[in-house]
Amino acid sequence: MLEMISYEAMLEIALEEAKIGHAEGGVPIGAALFDRITGNLLGRGHNKRVQDGDPSSHGETDAFRNAGRQRSYRDTIMVTTLAPCWYCSGLIIQFGIGTVIVGESETFQGGIDWLKEHGVKIIQMDSIECKQLLSGFIHEHPEIWNEDIGEL
């Protein structure tokens, strides 16, 4: 019998990525893409907007790119430390990612309701560690956070 990786273990990988991004001086948001059937990790990544000077390099897009081309994304799970923004929510809808595990959505709601309306299964983890990591960053760098969410 195949043993599935737990949602907590999946989130831990995304959280590791968020910490890497934070150590690099970037916005601490991490993500990972998993195969829902096997539990295999397909790709992982973190927000690199600051590091790369690339406004499209969000945690989810980095994980998606690092997963490489897949024939289908229907049986994948996107795990992210923060609720996906509208840009990343569009990626999830465009490619038919069926499930999103969200570390926290208190700091930022993003497109969660829109994703639900489009049939995406949302699993809220309400992670204190995710909240603390991002809230500390926002306190230290409000200007970068506001840039990241498009509020200048």
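Val50 and Gly26 make their closest contact through CB-CA, 4.2 Å (heavy atoms, listed as atom of the first residue, atom of the second, distance). Annotation for Cys130 and Gly103: closest pair SG-CA, 4.0 Å, computed over non-hydrogen atoms. The shortest heavy-atom contact between Pro55 and Gly53 is CD-O, 3.6 Å. Taking every heavy atom of both residues into account, Phe108 and Cys85 meet most closely at CE2-CA, 3.7 Å. Of all heavy-atom pairs between Ala32 and Ala14, the closest is N-CB, 4.3 Å.
The closest side-chain heavy-atom distance from Ile149 to Trp145 is below 4.5 Å. Side-chain contact between His141 and Ile138 is absent, with no heavy atoms from C-beta onward closer than 4.5 Å. At a threshold of 4.5 Å between non-hydrogen side-chain atoms, the residues Leu33 and Asn66 do not count as touching. Residues Leu115 and Ile92 form a side-chain contact, since some pair of their non-hydrogen atoms from C-beta on lies under 4.5 Å apart. The side-chain heavy atoms of Tyr7 and Phe34, taken from C-beta on, include no pair separated by under 4.5 Å. Between Arg36 and Arg74 the shortest side-chain heavy-atom distance does not fall below 4.5 Å. Side-chain contact check for Thr99 versus Val120: every heavy-atom pair is 4.5 Å or farther apart. In this structure the side chain of Glu8 never reaches within 4.5 angstrom of the side chain of Leu11, judged on heavy atoms.
In this model, no donor atom of one side chain and acceptor atom of the other lie less than 3.5 Å apart for Ser127 and Glu104. A donor-acceptor contact closer than 3.5 angstrom links the side chains of Asn47 and Asp148.
In this structure, Arg65 places its CZ atom where more than 12 heavy-atom neighbours from other residues, nucleotides or ligands lie under 6.0 Å away.
In the hydrophobic clustering of this structure, Ile122 groups with Trp114; members are Ile, Leu, Val, Met, Phe, Trp, Tyr whose side-chain heavy atoms approach within less than 4.5 Å, directly or through other members. Under a hydrophobic clustering in which Ile, Leu, Val, Met, Phe, Trp and Tyr are joined whenever their side-chain heavy atoms come within less than 4.5 Å, directly or via other members, Ile5 and Val102 fall into different clusters. With hydrophobic clusters built from ILVMFWY side chains whose heavy atoms lie under 4.5 angstrom apart, Ile112 shares a cluster with Ile93. Transitive grouping of hydrophobic side chains (ILVMFWY, heavy atoms separated by less than 4.5 Å) keeps Met78 and Ile37 in distinct clusters. Residue Ile101 is not grouped with residue Leu42 when hydrophobic side chains (ILVMFWY) are merged at heavy-atom distances under 4.5 angstrom, including chains of intermediate members.
A salt bridge is defined here as a Lys NZ or Arg NE, NH1 or NH2 lying under 4.0 Å from an Asp or Glu carboxylate O, and Glu24 with Lys48 fails to meet this definition. Salt bridge status for Lys131 with Asp126: present, with a side-chain N to carboxylate O gap under 4.0 Å.
Side-chain N or O atoms of Thr80 include none that pairs as donor or acceptor with a backbone N or O of Ala83 at under 3.5 Å. Remark: side-chain polar atoms of Thr81 are not paired, donor with acceptor, to backbone N or O of Leu15 under 3.5 angstrom. Remark: the backbone N or O of Ala63 is not paired with any side-chain donor or acceptor of Arg44 at under 3.5 angstrom. In this structure a side-chain-to-backbone donor-acceptor pair under 3.5 Å is missing from Asp62 to His58. Side-chain atoms of Gln109 do not come within 3.5 Å of backbone N or O of Glu106 as any donor-acceptor pair.
Screening Glu16, Glu17, Glu60 for a side-chain hydrogen bond (donor to acceptor under 3.5 Å, both in side chains) involving His46 leaves a single residue, Glu17.
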> Checking side-chain contact (heavy atoms from CB on, under 4.5 Å) for the pair Lys19/Glu129: CA distance, chi angles, key distance, verdict?
Replying inline: CA-CA 11 Å; Lys19 291 174 183 176; Glu129 191 172 4; 2.7 Å; yes
>> Using the rule given for side-chain contact (heavy atoms from CB on, under 4.5 Å), can you reason through Ile144 versus Val27, listing the C-alpha separation, both sets of side-chain angles and the distance that settles it, and then say yes or no?
In response: CA-CA 8 Å; Ile144 295 174; Val27 181; 3.7 Å; yes
>> Assess the residue pair Ile123 and Val100 against the criterion (side-chain contact (heavy atoms from CB on, under 4.5 Å)); give the C-alpha distance rounded to whole Å, side-chain angles, the decisive distance to 0.1 Å, and a yes or no.
In response: CA-CA 6 Å; Ile123 299 166; Val100 177; over 6 Å; no
>> Between Leu82 and Ser105, does the side-chain contact (heavy atoms from CB on, under 4.5 Å) criterion hold? Intermediate values first, please.
In response: CA-CA 6 Å; Leu82 183 67; Ser105 61; over 6 Å; no
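Remark: Ser135 OG to Glu140 CD distance equals 9.5 Å, nearest 0.5 Å. Here the CD atom belonging to Gln94 is positioned 8.0 Å from the CG atom belonging to Leu91, to the nearest 0.5 angstrom. Between atom CG of residue Leu134 and atom NE2 of residue His139 there is a gap of 13.5 Å, rounded to the nearest 0.5 Å. Atom CZ of Arg49 and atom OG of Ser56 lie 9.0 Å apart (nearest 0.5 Å).
Between Phe64 and Phe95, the angle of the ring planes lies from 30° to 60°, which puts this pair in the tilted group.
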